[in-house]
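I have placed the structure first, in the form of structure tokens, so that the comments after it can refer back to it.
Small disclaimer: the values here were computed from a predicted structure and weren't measured. Just follow the structure's listing: the first ligand is 1, and inside any ligand the first atom is 1.
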Amino acid sequence: MSVKCSFCSNKAITKLRYAKLSLCSKHFVEYVEKRFSKIISKNKLFKNMDKVVVAVSGGKDSVTLLHLLHKVSKEFNFEIIGLTIDLGIRKYSVESVEKALKNYEMLNIKYKVIELKNKYGFSIDDIAKYRRKAGIKKPICSICGTIKRYIMNKYALEIGANAIATGHNLDDMVYYIFSSLYSGRVDNLAKISIYSPSEFKFVAKVKPLAYISEKETLLYAMLRKLPFNYNVCPYARLRTFHEYIRKTSNVLEENVPGLKITFARMFLEKINPILYSHYLSEKKFKECKICGMPTTGKICSFCKIKSAMEKVLKK
Ligand code: Q46
Ligand code: ZN
Ligand code: ZN
């Protein structure tokens, strides 16, 4: 026998065990939109903001974020500027950028595309190929993360935006918290937040999907027929630890519905503020000697990667 929606007589298409709800497609979409709006109000994510850069890769999370933010932008009174970084990852990037642009056009949103190879002379594929030769020890996804954060911050700073919104979902938050605990990186733990205020030359960062799971963003994007890149980045398979945590947290969630949300909420609301005041509020930043962007050393991580890649690619 088919299960009925908790709010109407239609057939339920999903069961949210953590909320004890079975929902039809219409009520699922409404439920996600209401929760999203609640998360923003409760955490005062866009208070006194009039210009927000939304990072859109073209994947399910960022596309869902763009549409949800577009719905609430009038109510919270801010303008959205889309930012898409073409990372230069074979066919994957071509398709991702194409999907991101389709969404901007659908919603009539202003946007900017920054091509990594064109603007800085190297792509993520170049990094994958030459990083050992260039003496870069960090894994590819960690370098990719540094590059994306740098470009987002620089662009937001240049256009005078108040914040950068990213599509990190609940599963990403659970992974970040767990992996930072595991490696004992207290400074990383102190940085995991749904809202990071602006300081020095860092624009504020917001993660409005922090309590919405990957399964929910995927279902939302599918039910609303939003164009997004279904393919996964070819380098994602290298993140084996990430995959283990994802699978394990889903097994835990199966047995204890709501575990992921509680884990993330307890960390973000109770533990992070204490860590932040101890480890980050005192941190002193200065300008990178090459590009002027913030760093704790003399040269920022991005410029180090760029100059290492320049040497290898010149040969
Ligand atoms: S794009 Fe970049 Fe991800 Fe690809 S190289 Fe890794 S970090 S997996 S979100
Ligand atoms: Zn219903
Ligand atoms: Zn620099």
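If you run side-chain contact (heavy atoms from CB on, under 4.5 Å) between Ile212 and each of Ile39, Leu170, Asn169, only Ile39 comes through.
Remark: at the Zn ion (ligand 3), atom SG from Cys300 and atom SG from Cys288 enclose 110°, rounded to the nearest 10 degrees. Geometry about the Zn ion (ligand 2) gives an angle of 110° between SG of Cys8 and SG of Cys5, rounded in steps of 10 degrees.
Checked against the 6.0 Å centroid threshold, Tyr182 and Phe241 count as a close aromatic pair. Between Tyr230 and Phe228, the ring center distance clears the sub-6.0 Å criterion. For Phe285 and Phe202, the ring centers sit closer than 6.0 Å to each other.
Ion pairing between a basic and an acidic side chain is recognised when a charged N comes within 4.0 Å of a carboxylate O; Lys42 and Glu269 show such pairing.
For His27, the N, O or S atom closest to the Zn ion (ligand 2) goes by the atom name ND1.
The number of protein N, O or S atoms lying under 2.8 Å from atom 4 (Fe) of ligand 1 is 1.
Side-chain atoms of Asp61 and His168 include no donor-acceptor pair closer than 3.5 Å.
Taking the six-membered ring for Trp and thresholds of 30 and 60 degrees, Tyr120 and Phe302 have ring planes more than 60 degrees apart, a perpendicular arrangement.
Looking from atom 3 (Fe) of ligand 1 to the surrounding protein, the closest heavy atom is Lys148 NZ, 4.0 Å.
For the pair Arg35 and Tyr211, the cation does not sit on the ring face, since its NZ or CZ is not both under 6.0 Å from the ring centre and inside 45° of the axis.
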